[in-house]
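Written out below as structure tokens is the structure these notes cover.
Please read all numbers here as calculations on a predicted model, not as lab measurements.
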Amino acid sequence: MTFDITHIEETESTNRWLMEHASKRADAVSQDLVVWADYQTAGRGCGTNTWESERGKNLLFSLLIHPHELKANAQFRISMAISMAIVNALNAYISPLTTLPSPLSIKWPNDIYWHDSKLCGILIENSLSGAFVRESIIGVGLNVNQTQFLSDAPNPVSLRQITGREHDRESLLHRVVEHFTLNINADDYRALLYRRHGFHPYHDAEGDFEAELITVEDDGHLLLRDSEGKQRRYAFKEVQFTINNKQ
């Protein structure tokens with residue numbers, strides 16, 4: 001994919017900026033775009049969540065893609081693709097710091113974690129045309145140089161806190177874009193999953209339980225096996241990972 005990249009100082013949200021500006025372009029139906037901002041006045045996470053980011057410190061960007069041949073029932077491939085692209089880009093900064101396997105992982109469906117701390121959040125908004133995806137806007141908030149987090153988010157971490165030095169946000173953006181492709185192996189995504197080994201605590205509508213991760217299905221459902229051997233299948237937001245006694 002070849003992206004036209006735009007930098008802006010401030011916007012309400014990069015996802016919304018793309019929605020408003022992409023439609024005005026003559027090549028809007030085909031051109032893949034990226035916009036990145038120094039600050040968002042209303043950065044969003046999933047649902048009603050917000051995204052805390054100090055001005056000029058982090059990488060806040062959105063991609064607009066037109067995967068016309070991607071079937072609607074396979075749209076989770078977009079989530080896999082962007083999360084893998086970010087992990088691969090970040091490993092260039094983190095892997096040289098240790099001889100051990102990378103502590104980066106993907107917390108289903110697409111949060112990027114370093115150990116048990118959240119490094120990156122992703123918000124994907126797809127538009128469908130019949131049985132296919134017409135376009136997708138992928139919003140990313142990646143903690144790069146921020147060192148103090150003032151919100152009540154339980155477990156944020158930044159790339160600077162991990163590596164001990166500041167990083168150029170634009171260079172990191174280009175690394176992510178270069179790694180992004182929908183032509184991925186789903187097993188590679190599954191191999192990067194957070195909590196892919198052992199039993200861990202979760203919470204759903206029925207209460208707290210412990211389970212091991214079996215797989216993430218091609219359509220994006222999470223499949224767990226609890227301590228009693230029962231399989232549990234979840235769509236997004238139907239189950240929570242319990243981390244450090246916080247959900």
Side-chain angles (χ1 to χ4, degrees), residues 15 44-49 51 67 70-88 90-91 101-126 128 131 133 136-142 153-157 179-247:
N15 270 28
R44 291 185 295 150
C46 293
T48 59
N49 295 337
W51 184 261
L70 183 67
K71 291 186 177 180
N73 61 8
Q75 61 188 286
F76 188 69
R77 184 163 291 271
I78 299 170
S79 185
M80 291 192 291
I82 186 60
S83 54
M84 287 181 60
I86 292 169
V87 168
N88 289 333
L90 288 170
N91 270 329
S102 173
L104 290 172
S105 62
I106 303 168
K107 176 176 166 285
W108 174 84
N110 52 31
D111 285 341
I112 309 303
Y113 266 53
W114 181 77
H115 296 293
D116 290 322
S117 297
K118 185 172 179 177
L119 183 56
C120 176
I122 299 168
L123 175 65
I124 300 174
E125 299 176 283
N126 295 327
L128 306 181
V133 178
S136 178
I137 294 181
I138 308 163
V140 177
L142 174 54
N155 57 344
V157 70
H179 281 289
F180 181 79
T181 174
L182 294 177
N183 299 317
I184 60 170
N185 185 336
D187 289 336
D188 293 339
Y189 166 86
R190 296 183 180 106
L192 289 169
L193 285 171
Y194 177 68
R195 292 185 171 177
R196 58 191 176 274
H197 303 298
F199 281 80
H200 300 277
Y202 297 87
H203 179 88
D204 66 8
E206 298 178 358
D208 298 325
F209 65 98
E210 289 199 350
E212 61 179 347
L213 193 155
I214 300 175
T215 192
V216 172
E217 298 174 333
D218 289 343
D219 64 359
H221 283 85
L222 177 68
L223 193 61
L224 302 176
R225 182 185 292 112
D226 66 25
S227 56
E228 298 180 354
K230 176 185 176 182
Q231 288 193 8
R232 301 178 180 227
R233 183 173 183 264
Y234 297 99
F236 184 47
K237 290 293 187 181
E238 290 182 347
V239 66
Q240 295 173 298
F241 292 62
T242 304
I243 302 172
N244 295 330
N245 297 319
K246 296 183 180 180
Q247 297 172 5

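- Distance check: Ile184 CD1 to Met84 CE gives 5.0 Å after rounding to the nearest 0.5 Å.
- Contact between Leu119 and Val157 at its shortest, heavy atoms only, is CD1-O, 3.4 Å.
- Judged as a side chain to side chain donor-acceptor pair (under 3.5 Å), the pairs with a partner in residues 74-86 (not counting sequence neighbours) are, in order, Gln75-Asn126, Ser79-Asn110.
- Here the side chains of Asp204 and Glu238 are not in contact, with every heavy-atom distance at 4.5 Å or above.
- When all heavy atoms of Glu212 and Phe199 are compared, the closest pair comes out as N-CD2, 3.6 Å.
- Between Val133 and Lys71, the shortest heavy-atom contact is CG2-O, 4.1 Å.
- The six-membered or imidazole ring of Phe241 lies away from that of Tyr113, with a centre-to-centre distance of 6.0 Å or more.
- Distance check: Phe236 CZ to His221 NE2 gives 12.5 Å after rounding to the nearest 0.5 Å.
- At least one side-chain heavy atom of Leu224 sits less than 4.5 Å from a side-chain heavy atom of Leu213.
- Trp108 contributes a side-chain N or O that, together with a main-chain N or O of Gly220, makes up a donor-acceptor pair within less than 3.5 Å.
- Inter-residue side-chain proximity for Leu104 and Leu192 is flagged as unmet; no heavy-atom pair is nearer than 4.5 Å.
- A salt bridge links Asp218 with Arg190: at least one charged nitrogen is closer than 4.0 Å to a carboxylate oxygen.
- Looking at Asp111 and Tyr194, their side chains never come closer than 4.5 Å, going by heavy atoms from C-beta outward.
- Under a 3.5 Å cut-off, the side chain of Arg196 and the backbone N or O of Ala191 do form a donor-acceptor pair.
- At least one donor-acceptor pair under 3.5 Å links the side chain of Asn15 to the backbone N or O of Gly139.
- For the pair Arg232 and Tyr202, the NZ or CZ position fails the cation-pi test of under 6.0 Å to the six-membered ring centre and within 45 degrees of the ring normal.
- With respect to Ile122, the side chain to side chain contact (heavy atoms under 4.5 Å, CB included) criterion is satisfied by exactly one of Val140, Ile106, Ile78: Val140.
- For the pair Arg233 and Asp219, the salt-bridge criterion is met [side-chain N within less than 4.0 Å of a carboxylate O].
- A distance-only check finds a donor-acceptor pair linking the side chain of Arg195 to the backbone of Pro201 [under 3.5 Å].
- Put simply, CG on Leu70 and OG on Ser136 are 8.5 Å apart, with the number rounded to the nearest 0.5 Å.
- For the atom pair CD1 (Ile138) and CD1 (Ile86), the distance works out to 9.0 Å, reported to the nearest 0.5 Å.
- The NE2 atom of His115 lies 13.5 Å from the CD1 atom of Ile243; values are rounded to the nearest 0.5 Å.
- Here the straight-line distance linking atom CD of Glu217 with atom CZ of Phe76 works out to 10.5 Å at 0.5 Å rounding.
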